[in-house]
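Scope of the values below: all heavy atoms of this structure, side chains included, with no hydrogens, waters or symmetry mates.
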Amino acid sequence: MQVKKIKIIKVSLEGRKKLAERYGCSRETIYNALGFRSQSKQSEYIRQDALKEFGGVVVDKVLFY
């Protein structure tokens, strides 16, 4: 079994909804941005706002495969 750590930003459900409204995008876009799956400028702004304004916390998620 192998282990891999990935970085994600945890934000409340309400915070994710407000981010989606602010940027006029889908929940999937927010999900991808907070999981560092996308690297666009908009994703960078979403991550910054999540951390500064919506109480986001960067955590390491451990995956087993």
Side-chain angles (χ1 to χ4, degrees):
M1 183 182 321
Q2 294 181 352
V3 178
K4 181 179 179 181
K5 283 187 181 180
I6 59 170
K7 185 168 58 169
I8 63 170
I9 298 175
K10 288 201 170 215
V11 179
S12 69
L13 179 59
E14 187 64 32
R16 286 180 279 168
K17 285 180 183 177
K18 287 181 181 178
L19 282 166
E21 289 173 11
R22 176 179 289 186
Y23 288 97
C25 60
S26 67
R27 290 184 300 165
E28 184 177 0
T29 302
I30 300 299
Y31 173 82
N32 288 330
L34 297 179
F36 293 88
R37 291 172 192 85
S38 58
Q39 303 302 323
S40 67
K41 281 286 186 191
Q42 183 181 32
S43 295
E44 289 293 325
Y45 295 141
I46 290 169
R47 288 191 282 271
Q48 288 175 8
D49 284 352
L51 291 170
K52 290 180 183 176
E53 297 180 34
F54 296 100
V57 178
V58 178
V59 297
D60 287 329
K61 184 176 181 180
V62 179
L63 299 176
F64 297 97
Y65 59 97

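The environment of R22 atom CZ is dense: over 12 non-hydrogen atoms of other residues, nucleotides or ligands sit within 6.0 angstrom. Crowding of Y31 atom OH: a count of heavy atoms from other residues, nucleotides or ligands under 6.0 Å not exceeding 12. No more than 12 heavy atoms of other residues, nucleotides or ligands lie within 6.0 Å of CD in E28, so this atom counts as exposed by the packing criterion.
Using a 4.5 Å heavy-atom cutoff, the side chains of Q39 and E44 are in contact.
Nearest heavy atoms, A50 versus L34: CB-CD2, 3.7 Å. Minimum heavy-atom separation, A33 to I46: CB-CG2, 3.9 Å.
Listed for the R16 side chain is a donor-acceptor partner under 3.5 Å among the backbone atoms of V11. When atom types are taken as modelled, the side chain of Y23 and the backbone of Y45 share a donor-acceptor pair closer than 3.5 angstrom.
Considering CG of L19 and CD of E14, their distance stands at 10.5 Å, rounded to 0.5 Å.
E21 has no carboxylate O lying under 4.0 Å from a charged side-chain N of K18, or vice versa, which leaves the two without a salt bridge.
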For this session: Mind running side chain to side chain contact (heavy atoms under 4.5 Å, CB included) on Q48 and E53 for me, showing each step along the way?
Result: CA-CA 8 Å; Q48 288 175 8; E53 297 180 34; over 6 Å; no
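When hydrophobic clusters are built by joining Ile, Leu, Val, Met, Phe, Trp and Tyr residues whose side-chain heavy atoms come closer than 4.5 Å, directly or via intermediates, F36 is not grouped with L63. Residues L13 and I30 fall into different hydrophobic clusters, defined by Ile, Leu, Val, Met, Phe, Trp and Tyr side chains chained together at heavy-atom separations under 4.5 Å.
With sequence neighbours left out, R37 forms a salt bridge (charged side-chain N to carboxylate O under 4.0 Å, His left out) with no residue at all.
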